[in-house]
Amino acid sequence: MEITVKAHMPGLVARVVVNEGDKVTAGQEVAVINCMKTEIQVFAESDGVVKSILVKEWDEMEIGSPMIILEA
Amino acid sequence: MKDAILRLLKERRPEPVSGEDICKSLNVTRTAIWKHMQVLRESGYEIEARPRAGYTLTGIPDRLYPEEILDGLSTRFLGRKIYYCDSVSTTNETAKELARQGAAEGAVVVAEEQTGGKGRLGRRWFAPKYKGIWFSLILCPPVLPPEANQVTMLAAVAVAAAIRKETGIAVGIKWPNDLLVSGRKICGILTELSAEMERINYMVVGIGINVNQEQTDFPEEFRESAASLRTASGIKINRVKLIRAALAEFEQWYEIWLERGFTPVLASWKEMSVSLHCQVRIHAPNKSWEGWAEDIDSDGALLLRLPGGELQRVISGEVSLRMK
């Protein structure tokens, strides 16, 4: 099953901290969004493997923008 | 016990307190008192001991010890629990770890030195020992995550107000939350948030204030752009009093924000702003604009009037100011 990790804050992608193929566990930080000097951690919602990374640094996010796809 | 002895010495200073008095009022032995005096001396307190007269406190060290900050702190919840560190990588890292372990709202991490200080986007923030105030606040505001970044501008308002009250130095705020004196940066703020869609787990507000550095304390690459309150005023500043004032102002503004929303915070931010109603250049990571900083919207975003007349909304980026 594919799970999409989405942005829950508008802002810019500050960094993605996982790579394709990485195993992640639920609650693990996978990326950070920066909005006006507030950094927001983005977490994996379930265990899985990073299938694809849809964003790069400085991409602009809206609430709900897809960021990372996990294969759970 | 150490704190109780210190309180007694402070109450009586500049008069001495006899060993007998301490024994009686705190119910300890003379040997125990002697040991506690040694511990206090090792922490930097200057204590004179005279036969018959007793112990006199003659000097308080320039350290951000929790007992010094708490002595006279007027807050209700902020800074009531202080974690003191001689040296840390960053106070934000320590605060996030404590928050994950369940530290209560209002807990504060204070360090004398940061070895891994970082600004926005991982830039280095120079934080030498005993010269500045490097601290992080742990908060858990009952708001939705997108509103939480208002706290970062609130922090700028609170710290600027505290510096103005405590030192009289006319600090200004540069969008969104740097504090400047005569165009040079004296304070940086980095907020980090752990949240789910609908709920904030915790929020850490990291604040670094350059207080008593000399200009030569700054590395070459920062000398033109950074300053300290001391270089700005020529006066050595009492760091304990300043952090106490910053905590008090922050708590006051935080309560105003929770009660009445962002409007009063933003109004005060605008009053102290130096990057509004002037020409600015914005460097965003992958583009840049030049224009007239016309206003700040209700989310805190900068509204930039471009030369063509169009209004551009900017949510992030490095601002360089061109004062006219």
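By convention in this document, chain letters (A, B, ...) are assigned in the order of the sequence lines, proteins followed by strands, and residues within each chain are numbered from 1.
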Quick one: salt bridge (Lys or Arg N to Asp or Glu O under 4.0 Å) pairs with a partner in residues 58-72 of chain A, sequence neighbours left out?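 Only K51(A)-E71(A), K56(A)-D59(A) qualify under salt bridge (Lys or Arg N to Asp or Glu O under 4.0 Å).
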How about [X]: does its [atom1] atom have over 12 heavy atoms from other parts shown lying under 6.0 Å from it?
X	atom1	value
K270(B)	NZ	yes
E2(A)	CD	yes
E259(B)	CD	no

Do N210(B) and S228(B) meet the criterion of a side-chain donor-acceptor pair at a distance under 3.5 Å?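 There is no such pair (donor and acceptor under 3.5 Å, judged by atom type) between the side chains of N210(B) and S228(B).
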Identified side chain to side chain contact (heavy atoms under 4.5 Å, CB included) counterpart of M61(A) within the set V42(A), V55(A), L12(A):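 Only one option passes, and that is V55(A).
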Check whether I33(A) gets within reach of chain B through its side chain, its backbone, both or neither, counting any heavy atom under 4.5 Å.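 Neither part, no heavy atoms under 4.5 Å.
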For L302(B), is it the side chain, the backbone, both or neither that has a heavy atom under 4.5 Å from a heavy atom of chain A?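 Contact with chain A involves no heavy atom of L302(B) at all.
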Of all the residues in residues 140-153 of chain B, which have a heavy atom that comes within less than 4.5 Å of a heavy atom in chain A?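 Within residues 140-153 of chain B, near chain A: P145(B), P146(B), N149(B), T152(B).
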Report yes if the side chains of F250(B) and L137(B) come closer than 4.5 Å at any heavy-atom pair, otherwise no.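 SC-SC contact between F250(B) and L137(B) confirmed.
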